[in-house]
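The structure presented is a predicted model; accordingly, all values stated were derived computationally and were not measured.
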Amino acid sequence: NTGATNETGFTALPGGYRYDFGTFVNVGYFGYWWSATEYGASSAWSRAVSNSFSNVYRSYGIKELGFSVRCLRD
């Protein structure tokens with residue numbers, strides 16, 4: 001993606017997300033990752049990246065959606 005530097009070393013691949021009924025959306029265009037922080041009882045904060053922009057977006061989604069999970073070693 002234009003302007004991306006990968007200075008953090010996190011190679012984010014645009015895996016899209018999965019609706020609760022099983023359909024995948026935005027595969028190849030956006031990648032979505034859950035945060036450990038809840039936004040409310042039925043939603044949580046998330047981060048998203050696009051294959052077209054260097055920005056990292058902050059939003060929230062309902063927990064039934066299938067976002068990617070990034071595991072970190074302590």
Side-chain angles (χ1 to χ4, degrees):
N1 51 334
T2 305
T5 63
N6 196 23
E7 64 191 71
T8 64
F10 176 54
T11 303
L13 299 176
Y17 67 90
R18 184 188 53 81
Y19 280 117
D20 58 347
F21 50 83
T23 302
F24 284 85
V25 225
N26 289 332
V27 176
Y29 299 101
F30 279 91
Y32 302 86
W33 288 264
W34 286 119
S35 163
T37 308
E38 285 188 315
Y39 180 77
S42 62
S43 58
W45 286 106
S46 64
R47 300 288 182 172
V49 296
S50 166
N51 68 346
S52 300
F53 304 101
S54 60
N55 300 17
V56 176
Y57 304 96
R58 180 181 186 223
S59 186
Y60 60 90
I62 58 172
K63 294 176 184 178
E64 286 83 11
L65 295 176
F67 287 5
S68 297
V69 176
R70 180 179 180 210
C71 298
L72 299 173
R73 183 174 42 187
D74 200 4

Quick one: salt bridge (charged side-chain N to carboxylate O under 4.0 Å, His left out) pairs with a partner in [range], sequence neighbours left out?
| range | answer |
| --- | --- |
| residues 41-57 | none |
| residues 22-33 | none |
| residues 14-31 | none |

Exercise for review: Return yes when atom OH of Tyr57 has more than 12 non-hydrogen atoms of other residues, nucleotides or ligands closer than 6.0 Å, and no otherwise.
Suggested key: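 Correct, the count exceeds 12.
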Check your understanding: Where is the tightest heavy-atom contact between Gly16 and Tyr32, given as atom of each residue plus distance?
Key ->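 For Gly16 versus Tyr32, the nearest heavy atoms are O-CD1, 3.5 Å.
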Check your understanding: In the hydrophobic cluster built from side-chain contacts under 4.5 Å, what are the other members alongside Phe24?
Key ->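 Val27, listed by chain and number.
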**Study point:** Same apolar cluster (I L V M F W Y, side chains within < 4.5 Å links), Val56/Trp33
**Key:**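 Val56 and Trp33: one cluster.
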**Study point:** Path from Val49 to Phe30 over hydrophobic side-chain contacts below 4.5 Å
**Key:**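 The answer is no; the residues belong to distinct hydrophobic clusters.
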Review point. So, Tyr39 versus Trp45, ring centres under 6.0 angstrom or not?
Key: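 That pair passes the under 6.0 Å test.
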**Study point:** side-chain hydrogen bond (donor to acceptor under 3.5 Å, both in side chains) against Thr5, all qualifying residues, sequence neighbours excluded
**Key:**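 Glu7.
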Side-chain donor-acceptor pairs under 3.5 Å in residues 58-66, sequence neighbours left out?
{"residue": "Lys63", "atom": "NZ", "partner": "Glu38", "partner atom": "OE2", "Å": "2.2"}
{"residue": "Lys63", "atom": "NZ", "partner": "Ala41", "partner atom": "O", "Å": "3.1"}

Review point. Which of parallel (below 30°), tilted (30 to 60°) and perpendicular (above 60°) describes Phe21 and Tyr19?
Key: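 It falls in the parallel class, under 30°.
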Practice item. Determine yes or no for a side-chain-to-main-chain donor-acceptor pair under 3.5 angstrom, with Asn51 supplying the side chain and Gly28 the backbone. Key: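 Flag set: sc Asn51 to bb Gly28 pair under 3.5 Å.
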